[in-house]
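Worth knowing before you read on, the calculation uses all heavy atoms, side chains too, and leaves out hydrogens, waters and symmetry mates. In what follows, every chain begins at residue 1, and chains take the letters A, B, ... in the order their sequences are listed.
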Amino acid sequence: MSSGAASQSAISVAELSKYYGRLLAVKDLNLEVFQGESFGFLGLNGAGKTTTIRILLDLLRPSSGKASVLGKDCQLDGLKVRSHVGYLPGELGFYGDMTGRETLDFLARLCRQAVQRGYRQQLQDRLELSSADLHRKLREYSTGMKRKLGLIQAFQGDPMLLILDEPTEGLDPLMQEALYALLVEVQKRGRTVFMSSHVLSEVERVCDRIALLRQGEVVLLSTVDEVRSMAARRVRVVFENDVEYLAGRLPAGSQLIESQPRQWKLQVHGPLGPLLSTLKELPVKDLEVQESHLEDILMKYYREGTQ
Amino acid sequence: MSLALILLIHSLKRVRYLVIVMGLLLAGFQVVLTLVARSIQRSNAFDEITALIPDFMRQLMGPSVVGLMSFSGIVCVGYFHIAVMGSLVGITIGLATEPAGEIETGFMDLILSRPLARPWVITRSIMVLAICTLFMLAMMMLGTWAGLHWLAPRDAEWPTPSLIRSLAINLGALMLCWGGVTLAISSLARRRSVAGSLAGLLALSTFLLDYVARAWQPAEKIAWLSPFRYYNPLDLVMGKAIPAHHLWVLVGIASAGAGAAYYFFSRRDI
């Protein structure tokens, strides 16, 4: 998160709930996303991510609570809100008989801000959607090409806030890389990114903060670094000679998972310092530390929800 | 350019081929009817054809059968032939279900994520309906005019321009009425097929109600519910003026439908 812009909120959600008939999709959601921040909105299918996003865009009306974007109420001041937002829906609905260029031009005209042709061309180049592709009818597009077109239409107005619903769905690994780079770049220019995903590795890579939604409720709201620190690191220690494991030798926070005469596999919560002090007295030949992943901790939350 | 105009142009572009082809077919049908009327006129067969009409049909049609069995009457059939009315009401229903179609495909998400107020979507559909209705009626009138100028025998009595105009206005009001009703249904629906089917079913049942009520007295009590009751082309062919209240009823239903569409669409979840 760029520290200078951290004070103003790009998205603010207070006590937001949404019912579909009797089904509660979002329950008393409170959330604040700061300007210039890249925010990951995580959750399993049906957790309420898309519902929240659609309320922000005034496509859905909340049952209770309030949502505002860039200081403006999403329902009462929706037009002003949406003039600063670029949106990529989770499921893209294009007309097959329109060409890519016609679609982009039409959607650009519906934005109040002028679209810079140069910027659009740059987006096309980075996402590898050529001008020849744009002259083809959309019915001839593959899923990945439609996704690229969806991304270009969301980015082309260079909006203050990008709301992306599962942005890498259907993109090949190279294009995912191109998108990550693009997201980092727009964030550097002070734009805010709010993206929903269930691909933990991409959120870990792109986002500053995350919120984990489970059955319509936020069960975790934290920075990526904090979450990562909550997860245990795996450490493999290889010894020169046989070493006998003695219970109570390991410092607090370290736990032996597997023990062989010349190798230990450990799980370490918190800093590695105490473990290194202990290992100093032993004939260590090699040490391998596996960084903790968001996945390790988030999976626990996901599993708790399904039990 | 205003956002509503951009939306309107986009929709008109999408339906242009359908509407143009439909207009040409309708115009062609008017020419064909003039050809048929000329053929009957030349063989002096109007009386023979009238004699072939069964008694119950004559009773059903009343004195208008005389007006219909003339050169002028046959030329005017194109404005109330069941195939023409069915096609026009069908295409109107198709056009008015555009909002439901856009929601179904997900295109509405892209449109409404722009700074565009929801009522403009309905305004756009109303304008599309009005423009397409005007175009198709104009094509029909053009077909009638061309047919009469090219094909009418010298001794034939042409339908007056005011009769053609009255038929077209009344037919246009009927189309707009169904446009309004369909738009109201479409503003609530998530699927185009559901909105279209419901509107189509309603149109068919009210058409049958009107038809049955003309022959079966008990149905007459509820026949006022049918919009088709307010389109009486045979009366117009007989030389009567359009009853103003009929037009008001049709335009009233169209307006109520459009009003309901604005209301529902502004409040619904997309």
Side-chain angles (χ1 to χ4, degrees), chain A residues 18-21 25 50-51 53-63 69 72 74-75 77-98 102-113 138 146 149-150 153-154 156-157 159 161-165, chain B residues 1-21 94-95 97-125 128 186-193 262-270:
Chain A
K18 175 68 186 174
Y19 282 88
Y20 293 112
T50 302
T51 298
I53 285 175
R54 293 172 75 79
I55 289 172
L56 294 176
L57 291 157
D58 196 27
L59 295 170
L60 294 180
R61 301 283 157 77
S63 305
V69 166
K72 304 213 164 31
C74 293
Q75 272 67 51
D77 229 348
L79 293 185
K80 282 184 186 158
V81 165
R82 297 197 302 272
S83 61
H84 297 293
V85 175
Y87 171 53
L88 173 76
E91 284 175 31
L92 279 161
F94 291 130
Y95 280 118
D97 59 348
M98 285 171 77
E102 283 169 352
T103 305
L104 287 181
D105 287 344
F106 169 66
L107 293 172
R109 279 195 292 270
L110 286 181
C111 292
R112 288 194 195 274
Q113 288 166 329
L138 292 182
K146 281 183 189 161
L149 192 75
Q153 65 81 28
Q156 67 179 350
L161 171 64
L162 280 156
I163 297 180
L164 311 172
D165 197 353
Chain B
M1 199 189 295
S2 82
L3 300 185
L5 196 57
I6 294 165
L7 209 55
L8 174 67
I9 291 168
H10 168 75
S11 293
L12 287 175
K13 264 188 185 174
R14 290 189 48 76
V15 298
R16 66 188 187 276
Y17 294 123
L18 174 73
V19 173
I20 289 171
V21 168
L95 293 172
T97 51
E98 192 179 13
E102 285 169 335
I103 288 172
E104 185 178 2
T105 59
F107 199 66
M108 190 66 86
D109 287 6
L110 293 170
I111 294 173
L112 289 181
S113 65
R114 264 70 190 174
L116 183 88
R118 288 194 189 189
W120 286 119
V121 172
I122 300 299
T123 305
R124 174 279 315 262
S125 290
V128 168
S186 176
S187 66
L188 283 169
R190 297 203 72 82
R191 289 182 184 278
R192 189 172 207 163
S193 55
Y262 278 117
Y263 180 82
F264 294 141
F265 198 72
S266 299
R267 280 155 183 79
R268 70 169 291 173
D269 283 342
I270 302 294

Inset, instruction - Among Leu79(A), Leu59(A), Ile55(A), Leu57(A), single out the residue with the greatest number of heavy-atom pairs under 4.5 Å to chain B. - result: Leu59(A)

Legend entry - chain B contacts, top residue of Glu102(A), Glu91(A), Met98(A), His84(A) (heavy-atom pairs, under 4.5 Å):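 Among Glu102(A), Glu91(A), Met98(A), His84(A), the one with the most close pairs to chain B is Met98(A).
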
Inset, instruction - Return the orientation label for the Phe107(B) and Tyr95(A) ring planes: parallel under 30°, perpendicular over 60°, tilted otherwise. - result: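 Answer is tilted, since the angle falls between 30° and 60°.
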
Inset, instruction - Flag the pair Arg54(A) and Asp165(A) as a salt bridge only when some basic side-chain nitrogen lies within less than 4.0 angstrom of an acidic carboxylate oxygen. - result: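 No salt bridge links Arg54(A) with Asp165(A).
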
Inset, instruction - Taking only Lys NZ, Arg NE, NH1 and NH2, and the carboxylate oxygens of Asp or Glu, determine whether Glu102(B) and Arg124(B) approach each other closer than 4.0 Å. - result: yes

Legend entry - Tyr262(B) versus Thr123(B), side-chain donor and acceptor atoms under 3.5 Å: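 Looking only at side-chain atoms, Tyr262(B) and Thr123(B) do form a donor-acceptor pair, the distance falling under 3.5 Å.
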
Inset, instruction - Answer with side chain, backbone, both or neither: which region of Arg268(B) has an atom nearer than 4.5 Å to a non-hydrogen atom of chain A? - result: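 Looking at Arg268(B), just its backbone touches chain A.
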
